[in-house]
Amino acid sequence: MAEHLEGGHVSEQAKNPEYPTALGASSPTTITLLGHDLAEDVMGTVSFGELAFWLATQRRPGPGETRVFEAVLAALADHGFTPTAITARLTYLSAPDSLQGALAAGLLGGGSRFLGVTEDCGRFLHEVLDGIEGEWPTDDAGWDELALATVQTRRKAGTFIPGLGHHVHKEGDPRTPRLLRIAAEEDRFGPHLSLFAAIGRVHPQVLGKTLPLNGAGVCGAALADLDLPLELLRGFALLARTAGLIGQLSEELRHPVGNEIFLSVDRNNRSVAPDPYPSDADADGGRHG
C-alpha cells in the first residue's frame with residue numbers, strides 16, 4: 001500500500017482505479033467489443049477470422065486481408081500426426097478429465113521446428129528488408145539479386161533460412177503456391193512474400209540443391225505483409241493449431257490411437273548401458289582453469 005499513499009492518505013487513483021481497454025467491456029444490459037455492440041453488430045455478422053484480426057490490430061480488416069488471413073489459419077490448422085497432435089492425444093489419454101490440459105500440451109510444443117517457423121520466417125524476412133538502404137526492388141530481377149545476397153550471407157554464417165525445406169513435402173509444399181496465388185489475387189503480395197518467393201528461386205545456386213518453401217514459412221511472410229505485429233505471429237499459428245488440436249481430440253474420442261502409441265513405445269523399449277552426459281572436465285581433458 002505504500003506506493004498508493006500521498007501524505008499518509010490513500011491516493012485518488014488507488015481509490016478509483018481505471019483500466020482502459022478498447023476490447024470487451026460490459027454493462028448490466030450490453031457488451032461492447034472494439035467500440036461495437038457485440039450482440040447486434042458482431043455476432044452473426046463478423047467471421048471468427050475477421051474478428052481475430054480485428055482484436056489483434058484494433059482495426060477492421062478489408063475483405064482481401066480477411067481472405068489471406070483466414071487462408072493462413074486454414075493452412076496451419078492441422079498437419080496430421082505432428083508432435084503437437086501426438087502430445088495432445090497422449091495427454092488426453094493420461095488425463096481424460098482435462099481437455100484444456102491436452103490442448104495446452106499440444107500448444108506448448110509450438111516452437112522452432114513446428115509452428116514457430118511462421119514467426120521465425122516473418123521476423124527473418126522483416127530484418128532483411130529493414131536493413132535495405134534506399135528503395136526495395138520493384139521487379140523479379142531485383143528481388144532475385146537481394147535474395148541471392150541474403151542466401152549467400154546466411155550460408156557463409158552457417159545459419160539456415162527459416163521456411164526453407166520440409167521433412168515430408170520434399171518436392172514442394174502444396175500450401176505455398178496456393179497462398180501465393182491468394183495473396184496476389186487480393187493485392188496483398190507485398191515485400192515479405194516477394195523476398196520469400198525470390199529465395200525459393202535462387203537458393204539452389206548457393207546450396208547446390210533445391211528445397212521447398214514450406215507452408216509455415218509462407219504463412220509468416222503473408223502475415224508480415226498484412227502488417228500484423230511480428231511479436232504476435234506465433235500466436236496466430238497457435239490460434240490456427242487450436243482448431244486442429246480440437247479436431248485431433250475429437251477423433252481421439254471416437255477412434256483412439258493414443259493408447260496404441262503409448263503401448264508401442266512401452267512394449268518396444270530396450271534396456272541399454274548408461275551413457276553419462278559429458279562434464280566440462282571431460283570436455284577439456286580433465287584440465288581446469
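As the structure is a prediction and not an experimental result, all values here were calculated from the model.
Asp173 places no side-chain N or O within 3.5 Å of a backbone atom of Leu213 that could act as its donor or acceptor partner. Remark: the backbone N or O of Phe262 is not paired with any side-chain donor or acceptor of Asp266 at under 3.5 angstrom. In this structure, the side chain of His203 engages the main chain of Ile199 through a donor-acceptor pair within 3.5 Å. In this structure, the side chain of Glu65 engages the main chain of Gly62 through a donor-acceptor pair within 3.5 Å. At least one donor-acceptor pair closer than 3.5 Å links the side chain of Thr242 to the backbone N or O of Leu238. The backbone N or O of Val42 lies less than 3.5 Å from no partner atom in the side chain of His36, so there is not a single donor-acceptor pair. No donor-acceptor distance shorter than 3.5 angstrom exists from the side chain of Thr84 to the backbone of Leu107, with no hydrogens or angles considered. Without hydrogens or angle criteria, Arg60 side chain to Trp54 main chain gives no donor-acceptor distance under 3.5 Å.
Two residues are said to be in side-chain contact when any heavy atoms from C-beta on lie closer than 4.5 Å; Leu23 and Gln58 meet this criterion. Side-chain contact between His79 and Phe114 is absent, with no heavy-atom pair separated by less than 4.5 Å. Using a 4.5 Å heavy-atom threshold, the side chains of Pro212 and Thr176 count as separate. You'll find the side chain of Leu226 stays beyond 4.5 Å of the side chain of Thr57, heavy atoms only. Between Leu76 and Phe236, every side-chain heavy-atom pair lies at or beyond the 4.5 Å cut-off. Side-chain contact between Ile132 and Leu129 is present, with heavy atoms from C-beta onward closer than 4.5 Å. Using a 4.5 Å cut-off on side-chain heavy atoms (C-beta onward), Asn214 and His169 make no contact. Between Gln152 and Gln205 the shortest side-chain heavy-atom distance does not fall below 4.5 Å.
Enclosure of atom CD in Glu185 by more than 12 non-hydrogen atoms of other residues, nucleotides or ligands within 6.0 angstrom is indicated.
Atom OG1 of residue Thr87 and atom CD of residue Gln248 lie 11.0 Å apart, to the nearest 0.5 angstrom. Note that CZ of Arg123 and NE2 of His126 are 9.5 Å apart. Values are rounded to the nearest 0.5 Å. Rounding to the nearest 0.5 Å gives a distance of 13.5 Å between CG of Asp225 and CD of Glu186. Here Thr210 contributes atom OG1 and Arg201 contributes atom CZ; the two are 13.5 Å apart, rounded to the nearest 0.5 Å. Rounded to the nearest 0.5 Å, atoms OG (Ser264) and CG (Asn259) are 11.0 Å apart. The structure places CD1 of Ile182 at 13.0 Å from CZ of Arg175, a figure rounded to the nearest 0.5 Å.
Across Ala52 and Leu239, no two heavy atoms sit closer than the pair CB-CD2, 3.8 Å. Of all heavy-atom pairs between Val72 and Ala222, the closest is CG2-CB, 4.1 Å. Shortest non-hydrogen contact noted between Arg234 and Gly116 is NE-CA, 3.6 Å. Contact between Gly258 and Leu90 at its shortest, heavy atoms only, is O-CD2, 3.3 Å. Here the closest heavy-atom approach between residue Phe196 and residue Val218 is recorded as CE2-N, 3.4 Å. Nearest heavy-atom pair across Leu230 and Glu119 is O-CG, 4.0 Å.
Neither Leu223 nor Leu55 shares a network with the other; the hydrophobic side chains, linked directly or stepwise wherever heavy atoms of I, L, V, M, F, W or Y lie under 4.5 Å apart, form separate groups for each. Val46 and Phe53 fall into different hydrophobic clusters, where Ile, Leu, Val, Met, Phe, Trp and Tyr side chains are chained together by heavy-atom contacts under 4.5 Å. Under the 4.5 Å side-chain contact rule for hydrophobic residues, Leu253 and Val257 do not share a cluster. Linking ILVMFWY residues whenever their side-chain heavy atoms come closer than 4.5 Å, directly or via other members, places Leu125 and Leu207 in the same cluster. A continuous path of hydrophobic side-chain contacts links Leu179 to Ile161 [ILVMFWY only; heavy atoms under 4.5 Å].
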Give the intermediate values and the outcome of side chain to side chain contact (heavy atoms under 4.5 Å, CB included) for residues Arg67 and Glu70. CA-CA 5 Å; Arg67 185 177 180 224; Glu70 291 185 340; over 6 Å; no

Verdict with supporting geometry, Trp136 and Leu195, side chain to side chain contact (heavy atoms under 4.5 Å, CB included): CA-CA 10 Å; Trp136 289 333; Leu195 176 56; over 6 Å; no

Take Leu228 and Phe69 through the test side chain to side chain contact (heavy atoms under 4.5 Å, CB included) and record every step on the way to the result. CA-CA 10 Å; Leu228 292 164; Phe69 183 69; 4.0 Å; yes

